[in-house]
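Everything on this sheet refers to the single structure shown next.
Atoms within a ligand are numbered from 1 in the order they appear, just like the ligands themselves.
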Amino acid sequence: MSDSASSISDTPNNQNPQNQSSGRELWSSRMVFILAATGSAVGLGNIWKFPYITGENGGGAFVLIYLLCIASIGIPIMMAEIMLGRRGRHDPVTTMKKLARESGHSRSWGLLGWMGVIAGFLILSYYSVIAGWAMAYIPRMASGAFQGLDAAGVNSVFTTLVSNPEVLIAWHSIFLFMTMMVVARGVRGGLEKAVTYLMPLLFVLLIILILYAIDTGHFSQGLTYLFNPDFSKITTDGVLSAMGHAFFTLSLGMGAIMVYGSYLPSKTSIAQASISVAFMDTLVALMAGMIIFPIVFANSLEPSAGPGLIFKTLPLAFGHMDYGTLFGTLFFILLVFAAWTSSISLIEPAITWGMKTFQISRTKTSIIAGIFVWLMGLLTVFSFNLTSEVTITSTISTKYGEFVILKDATAFDFLDYLTSNIMLPLGGLMIAVYAGWLMKREYSREELNISSGLYTLWSFLVRFVAPLMVVIVFLNAMGVVAFVRTIMGV
Ligand code: TRP
């Protein structure tokens, strides 16, 4: 984090001797930490990704599993990740090595940090392209291009946009440049003020959109779709996506929250902070769902339209409501802001690690990282046009059936699958195992500083529930569980 970051007090929190001895800048208050963590959590994951993967996975059952994952895996692992960060007070790689050394475990725990650095990097490469789509919608909204358009018209605006690689590259470049500027120069203080004001504003706009959704006459159909679970619609891969998304949306499993936790004053309650962040994040996602699906049904669209879903539905709302041009423009500006505060946290672990490893300045590290992410982003840009036909399908076939891991996946689908469904849960699993089994209990008890009942609950979730769920969901998606069940005849 930059030295000039105004949100982090220059003098260590002097009421706290431990902070003083660490000599590291800290967030000036718990509120600032919560804002930064919420800024990281609330982003495209909530408004763009949650609705479309819910639509791809048939609605209610997926949402229920997702909510269960947030509560039983997400919150406990978030507490664990913040705790490790605060105890280590370094970049994720160094933190994990340091903690492992402190408690006599292998330095290979640094690999966890490594995987996080790579995951953040890969996610940012496509995140920036999608944020670029949202940016591209700002001028289109402002010019009133969507006024009165029907579903086919809106669809063609989206298709025209994504079929043009030059335009996508331009917006991707602008968004990435904005992100790297903040990361390099640390105008984080300004961004946090933005979070303070813009996040509530985004919330207000979501409420306005919900009112519109109610007005479509298909609100209850949307609610039923979201909240009435139909388990026949969910596949093992859908369960994996729900779990992966719980990590993605809370920014867990790759060290982002660990880095943020490393700046957290010692006395701040980790449990309270985690619960507030998870609550706000979930609320925004559910609101987005409650807006999108009524519009989908009112216009006889397909819930499973994929990554373009919000771009094909929201303009219909803005195109038909009072002050739609104003609200629509504002909405996409705020969405870009939300994506911005998230993208910073995606690259922060890589930057802190790069600076330390190569002993180069923050600015240089940011430029180099920016160039790599930009190039990598081209894979996603081309996935929607030039190379949209270049896909891979990967199946595991056993005597007991075929298990499709990836079907007709473009480079974007592959990157998304690899990061959300594999790397983040794996990182989360390692965090849970480390925090629950290897870290001395007196340390975690001291860091978390919660009542012994709550501590027991946390420890149970982090030691047993979270790791087991991750492992079972993994094995299930790979067909291993089906395989074993068939062999054992159950
Ligand atoms: N949580 C963000 C979103 O929902 C994305 C994000 C930011 C993220 N930092 C992360 C995802 C770290 C995984 C890991 O849009």
Give the numbers and elements of all ligand 1 atoms closer than 4.0 Å to a heavy atom of Leu424.
->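 Result: 13 (C).
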
Would you mind listing which atoms of ligand 1 come within a distance below 4.0 Å of any non-hydrogen atom of Ser345?
->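 Those atoms are 7 (C), 9 (N).
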
For ligand 1, is any non-hydrogen atom under 4.0 Å from Ala41's backbone (N, CA, C, O), its side chain (CB onward), both, or neither?
->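 It is the backbone that gets close, since no side chain atom is under 4.0 Å.
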
If you measure from each non-hydrogen atom of Ile257 to ligand 1, which part falls under 4.0 Å: side chain, backbone, both or neither?
->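 None of Ile257 does.
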
Within the structure, does [X] bring an N/O atom to less than 3.5 angstrom of an N/O atom in ligand 1?
X	result
Phe247	no
Leu252	no
Asp281	no
Ile123	no

Does CZ in Phe372 sit with more than 12 non-hydrogen atoms of other residues, nucleotides or ligands closer than 6.0 Å?
->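 Check fails, neighbour count at 12 or below.
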
Is it true that atom CZ of Phe227 has more than 12 heavy atoms of other residues, nucleotides or ligands lying nearer than 6.0 Å?
->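 Yes - once you tally the heavy atoms of other residues, nucleotides and ligands closer than 6.0 Å, there are more than 12.
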
Among protein heavy atoms, which lies nearest [atom], and at what distance?
atom	answer
atom 2 (C) of ligand 1	Ser40 O, 3.2 Å
atom 6 (C) of ligand 1	Ser251 OG, 3.5 Å
atom 1 (N) of ligand 1	Phe248 O, 2.8 Å
atom 14 (C) of ligand 1	Met254 CG, 3.2 Å

Aromatic ring pairing Tyr225/Phe293, orientation class (parallel under 30°, perpendicular over 60°, tilted between) |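 The arrangement is tilted - the two ring planes meet at 30° to 60°.
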
In terms of the angle between their ring planes, are Phe50 and Phe62 parallel, tilted or perpendicular, with boundaries placed at 30° and 60°?
->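 Plane angle between 30° and 60°, so tilted.
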
Knowing that exactly one of Asn155, Val157, Ile310, Val154 qualifies, which makes a side-chain contact (heavy atoms from CB on, under 4.5 Å) with Pro315?
->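 It is Val154; the other options fail the test.
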
Phe248 and side-chain contact (heavy atoms from CB on, under 4.5 Å): which partner among Asn421, Ile53, Ile123?
->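 The residue from Asn421, Ile53, Ile123 that satisfies side-chain contact (heavy atoms from CB on, under 4.5 Å) with Phe248 turns out to be Ile123.
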
Can a donor-acceptor pair be found between the side chains of Ser40 and Ser251 at a distance below 3.5 Å?
->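 Yes, a side-chain donor-acceptor pair sits under 3.5 Å.
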
Does any donor atom in the side chain of Asn46 or Asp281 lie under 3.5 Å from an acceptor atom in the other side chain?
->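 Note: Asn46 and Asp281 side chains meet the donor-acceptor criterion.
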
Give a yes/no on ligand 1: does Tyr127 have at least one heavy atom closer than 4.0 angstrom to it?
->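 Yes; Tyr127 lies near enough to ligand 1 that a heavy-atom distance drops under 4.0 Å.
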
Contact between Gly120 and ligand 1, counting heavy atoms under 4.0 Å?
->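 Judged by the 4.0 Å heavy-atom criterion, Gly120 does not count as contacting ligand 1.
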
Pairs in or reaching into residues 47-72: which pass salt bridge (charged side-chain N to carboxylate O under 4.0 Å, His left out), with residues at least two apart or in two chains?
->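 Qualifying pairs, neighbours excluded: Lys49-Asp416.
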
